[in-house]
Amino acid sequence: MSRMSETETSSATAAPTDLYLDTAASEAVSRAAIEAMLPFLTEAYGNPSSVHAEGATAARALEAARASFAADLGAHPGDVVFTSGGTESDNLAIKGVALAQVRRENAARDAAAAGVGSTSAASACANPEHTAHPRRILISAVEHPAVAESAQWLHDFFGFDVVRIPVDAQAHLDLAALEREAQRGASLACVMMANNEVGTVEPVAQAVRICHGAGVPVHVDAVQAAGTIPVDFRGLDADTMAVSGHKFGAPKGLGALLVRGRTPIEPLISGGGQERGLRSGTQNVAGAVALAVALHEACETMERNSTALAASRDALVRAVLEAVPTARVTGDPVHRLPGHASFVFPGVTGEALLVDLDARGIEVSSGSACAVGRHEAPGTLLAMGLSEVEAKAAIRFSFRAPLADADIRRIAAALRASLIALHVPGIE
Ligand code: PLP
């Protein structure tokens with residue numbers, strides 16, 4: 001790197017450091033995770049499926065990581081299928097459970113065609129638990145595209161009906177609507193533990209009880225929750241659960257699907273049968289170690305920090321509403337992720353605002369997959385009943401460490417300056 005000129009050096013020193021407020025999108029890899037994974041990249045690099053000593057060392061590390069990771073999510077080690085992250089985990093759960101149903105239907109049809117009434121396939125399919133599902137996938141109307149698009153894929157290729165369960169004005173799942181649809185039967189219901197766009201913590205335990213009461217298995221997307229709020233996979237009695245490492249300090253491209261042994265599921269990646277046959281391919285041992293260490297660290301920090309984190313979130317909300325009285329908080333004001341504050345700012349687009357805030361060193365998100373010049377309204381806000389114009393005025397602040405008072409003041413002042421610069425009516 002070339003040496004900076006004196007002017008460059010002094011202006012670099014004078015500029016305030018950027019405030020990164022987009023941890024719901026991704027965050028820095030923890031030092032402890034990097035240090036823990038290093039030996040498995042440099043010295044203990046064996047393939048965990050190899051029988052020699054190097055392989056055994058790698059396998060031991062993989063299983064230790066699995067056990068630690070499971071414990072921090074209230075799961076059993078055998079529930080954990082390591083994947084490449086939240087998107088893959090959602091895909092595996094939704095397509096895998098639906099394809100297992102297609103396999104059972106095919107087996108029942110073949111057995112019926114062969115006139116065999118008592119083969120094991122036919123008798124397995126005689127179990128109402130296994131056959132009663134119509135090809136329907138229930139998804140909450142605020143799911144991440146990794147869920148919504150997986151369900152759509154099942155519609156496109158296998159004719160599954162995708163039924164969207166509505167939410168209220170704060171993005172809470174409509175449990176009565178879920179119950180009505182679950183009672184009509186479904187292959188799977190998909191609910192998220194915490195919403196990525198507005199931070200609302202969803203009534204997942206009730207959703208699981210309702211769906212199980214109707215014999216419908218449940219997939220939980222816990223990508224925004226794991227490492228941020230307590231997650232208890234077995235306690236919740238969910239059937240599958242998606243987790244992503246880069247939301248809690250592991251490198252990107254790492255995650256897991258938790259799967260109960262009772263849940264019929266087909267793999268999407270075929271090969272050597274690693275990860276209980278559900279995700280073939282040589283495991284990323286160093287990645288699994290990083291995942292476990294980062295999650296453990298995040299859970300310890302959560303215990304210490306969550307009260308302070310929620311207090312600084314509430315202080316940020318107050319400061320923003322004071323600086324910009326026209327702003328509105330989106331999502332549940334109380335039952336929301338502790339480091340997540342989201343708003344709409346009438347009279348501006350989230351895109352314009354985030355670009356202006358970025359120039360002022362405040363890095364936020366509009367809460368949707370957003371690229372400059374291709375700004376879509378966040379789906380969660382539309383599902384909550386906001387108009388397209390209102391939904392496009394959304395901004396999300398997300399952070400994993402409590403904010404200093406000075407930072408809160410800086411954010412509120414920058415926000416106000418941006419809105420003035422963007423000529424938003426009513427702000428002077
Ligand atoms: N589900 C939710 C709720 C998310 O917020 C995200 C990512 O932001 C994903 C799934 C996808 O996770 P990944 O980025 O690990 O693919």
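Whatever order the structure lists ligands and atoms in, that order sets their numbers, starting from 1. Note that these values count all heavy atoms, side chains included, but never hydrogens, waters or copies made by symmetry.
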Review point. CD of Glu322: more than 12 outside heavy atoms within 6.0 angstrom?
Key: no
Check your understanding: Has Arg276 got more than 12 heavy atoms of other residues, nucleotides or ligands less than 6.0 Å from its CZ?
Key -> yes
Check your understanding: Closest heavy-atom contact between Ile94 and Ala151?
Key -> CG2-N, 4.1 Å
Check your understanding: Got a sec, which residues hit side-chain hydrogen bond (donor to acceptor under 3.5 Å, both in side chains) with Asp221, two or more places apart in sequence or on another chain?
Key -> none
Check your understanding: So which pairs with a foot in residues 248-259 pass side chain to side chain donor-acceptor pair (under 3.5 Å), sequence neighbours left out?
Key -> Ser26-Lys252
Review point. If you count only heavy atoms, which residues are under 4.0 Å from ligand 1?
Key: Gly85, Gly86, Thr87, Asp90, His144, Met192, Asn196, Asp221, Val223, Gln224, Ser244, His246, Lys247
Practice item. Please list all pairs passing the ring-ring contact (aromatic ring centres under 6.0 Å, His included) test where one or both residues lie in residues 78-100, with sequence neighbours left out. Key: Phe69-Phe82
